[in-house]
Amino acid sequence: MNQLPFTKMQAQGNDFVLLNGLTCELPELTEAFARQITERRYGIGCDQLLVLLPDDVADARMRIFNNDGSEAANCGNGLRCAGELLMQLGDQNTATIALADRIVKTSRSQLGVRVEMGAANITGTTDAHVDVNIGNEHRVFFEATESFPTDTNIEIITGQIADHIWIDIIERGAGHTPACGSGACATASAIWHMDQLVRPLIIEMPGGRVQVSGTPENLILEGSVSRIFDGNYHLPSDGRSQACSSA
């Protein structure tokens with residue numbers, strides 16, 4: 001059996017398995033592999049698998065796999081976890097990460113780790129919801145009076161006191177999750193749009209809280225993250241992991 005080093009991290013209960021393709025030759029990143037490694041009983045278990053790869057401009061390029069094997073375009077909490085890992089490994093204070101449509105910058109702050117998420121675009125509104133694209137699609141419900149689509153991420157605002165917001169989350173490809181960083185950003189964008197007022201918001205999720213600030217052109221997401229443990233995942237004998245070094 002060959003061994004594939006991994007790091008398990010979490011942000012507000014949103015948990016991730018990170019594979020460091022900067023120092024490791026990875027196996028083929030198939031849907032079946034993603035489902036296997038993210039499965040909580042027969043694999044390591046997580047909401048999303050994050051894969052760091054070399055990039056010509058950023059410190060790393062990141063691919064994101066949901067636990068159903070599908071690939072996602074953005075993940076705010078995952079970016080903060082990956083940024084923290086890159087800063088730890090590189091002994092640096094900032095790290096840049098490339099996604100399919102943007103490069104984001106991560107750094108440390110008084111609230112933990114922050115990421116400059118880039119732009120969020122409002123793509124549709126009704127009396128009940130606002131659609132937001134932040135590299136991935138979100139539908140933020142102010143009232144749960146419509147059926148939920150299955151092809152987008154869902155945030156449901158369950159309470160608001162001034163600038164403190166409570167939400168529940170259903171992620172496309174992962175189901176009900178305790179937190180979603182891009183969902184928190186989408187929620188802030190939707191509230192800014194509806195109120196016509198941009199200001200920092202505390203977003204309270206079942207797994208914990210984050211702060212969203214900045215502007216619709218560059219949202220800033222901040223909150224705590226933690227590195228839970230490192231380990232080795234056993235691959236079949238034809239897996240290509242002999243060149244791996246532990247994170």
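Position 1 is the first residue of the sequence, and the numbers go up from there. Since the structure is predicted, the reported quantities are computational estimates derived from the model, not experimental observations. All values below come from the heavy atoms of this structure, side chains included, with hydrogens, waters and symmetry mates left out.
Across all non-hydrogen atoms, the minimal contact from C81 to A11 is SG-CB, 4.0 Å. Considering every non-hydrogen atom in both L221 and A184, the closest pair reads CD1-CB, 4.4 Å. Taking both residues in full, the closest heavy atoms of G181 and N77 are given as N-ND2, 3.2 Å, listed atom of the first, atom of the second, then distance. Taking each heavy atom of I169 and P206 in turn, the nearest pair found is CD1-CD, 4.4 Å. Taking both residues in full, the closest heavy atoms of F6 and N232 are given as CE2-N, 3.5 Å, listed atom of the first, atom of the second, then distance. Across every non-hydrogen atom of A82 and L52, the tightest pair is CB-CD2, 4.0 Å.
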Test side-chain contact (heavy atoms from CB on, under 4.5 Å) applied to Q211 and I220, step by step:
CA-CA 8 Å; Q211 178 178 280; I220 296 172; over 6 Å; no
Full working for side-chain contact (heavy atoms from CB on, under 4.5 Å) between D163 and I191
CA-CA 10 Å; D163 295 336; I191 291 172; over 6 Å; no
Is there a side-chain contact (heavy atoms from CB on, under 4.5 Å) between T106 and E84 once you walk through the steps?
CA-CA 8 Å; T106 62; E84 173 65 13; over 6 Å; no
Verdict with supporting geometry, F33 and L235, side-chain contact (heavy atoms from CB on, under 4.5 Å):
CA-CA 10 Å; F33 173 76; L235 293 166; 3.9 Å; yes
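Between D59 and K105 no salt bridge is recorded (no basic side-chain N to carboxylate O distance below 4.0 Å). Checked for salt-bridge contact, R35 and E31 meet the test: a charged N lies under 4.0 Å from a carboxylate O. Between R139 and E137, none of the side-chain N atoms (NZ, or NE/NH1/NH2) sits under 4.0 Å from a carboxylate O, so this pair counts as no salt bridge.
Distance check: I202 CD1 to L111 CG gives 7.0 Å after rounding to the nearest 0.5 Å. In this structure, C75 SG and M117 CE are separated by 8.0 Å, a value rounded to the nearest 0.5 Å. One finds the NE2 atom of H176 at 10.5 Å from the CD atom of E171 (value rounded to the nearest 0.5 Å). The line from CZ of R61 to CD1 of I97 is 12.5 Å long, rounded to the nearest 0.5 Å. Taken to the nearest 0.5 Å, the CD atom of Q3 stands 12.5 Å off from the OH atom of Y233. Taking SG from C46 and CD1 from I37, the interatomic distance works out to 7.5 Å, rounded to the nearest 0.5 Å.
In this structure, I161 places its CD1 atom where only 12 or fewer heavy-atom neighbours from other residues, nucleotides or ligands lie under 6.0 Å away. Atom CZ of F229 is surrounded by more than 12 heavy atoms from other residues, nucleotides or ligands within 6.0 Å.
Side-chain contact between L50 and L85 is absent, with no heavy-atom pair separated by less than 4.5 Å. When side chains are defined from C-beta on, E143 does not count as touching D127, because their heavy atoms never get closer than 4.5 Å. Looking at V132 and H193, their side chains never come closer than 4.5 Å, going by heavy atoms from C-beta outward. Looking at heavy atoms from C-beta onward, C180 lies out of side-chain contact with N153 at the 4.5 angstrom threshold. Looking at T96 and D55, their side chains never come closer than 4.5 Å, going by heavy atoms from C-beta outward. A heavy-atom distance below 4.5 Å is not found between the side chains of T38 and F65. Counting heavy atoms from C-beta on, the side chains of R40 and D47 come closer than 4.5 Å. When side chains are defined from C-beta on, I134 counts as touching R102, because their heavy atoms get closer than 4.5 Å.
Note on L22 and L89: same hydrophobic cluster, where clusters join Ile, Leu, Val, Met, Phe, Trp and Tyr whose side-chain heavy atoms are under 4.5 Å apart, directly or indirectly. Transitive grouping of hydrophobic side chains (ILVMFWY, heavy atoms separated by less than 4.5 Å) brings I122 and I165 into a common cluster. When hydrophobic clusters are built by joining Ile, Leu, Val, Met, Phe, Trp and Tyr residues whose side-chain heavy atoms come closer than 4.5 Å, directly or via intermediates, L79 is not grouped with I103. Both V17 and L53 are part of a single hydrophobic cluster, where members link through side-chain heavy atoms under 4.5 Å apart. Under the 4.5 Å side-chain heavy-atom criterion for Ile, Leu, Val, Met, Phe, Trp and Tyr, L219 and V198 are members of the same hydrophobic cluster.
A donor atom on one side chain and an acceptor atom on the other are found under 3.5 Å apart for S70 and D68. For the residue pair N136 and H138, a side-chain donor N or O sits within less than 3.5 Å of a side-chain acceptor on the partner. For the 3.5 Å distance criterion, the side chains of S109 and E222 qualify, holding a donor opposite an acceptor.
Through side-chain heavy atoms spaced under 4.5 Å, either directly or across other Ile, Leu, Val, Met, Phe, Trp or Tyr residues, I170 is tied to F141, F148, I154, I156.
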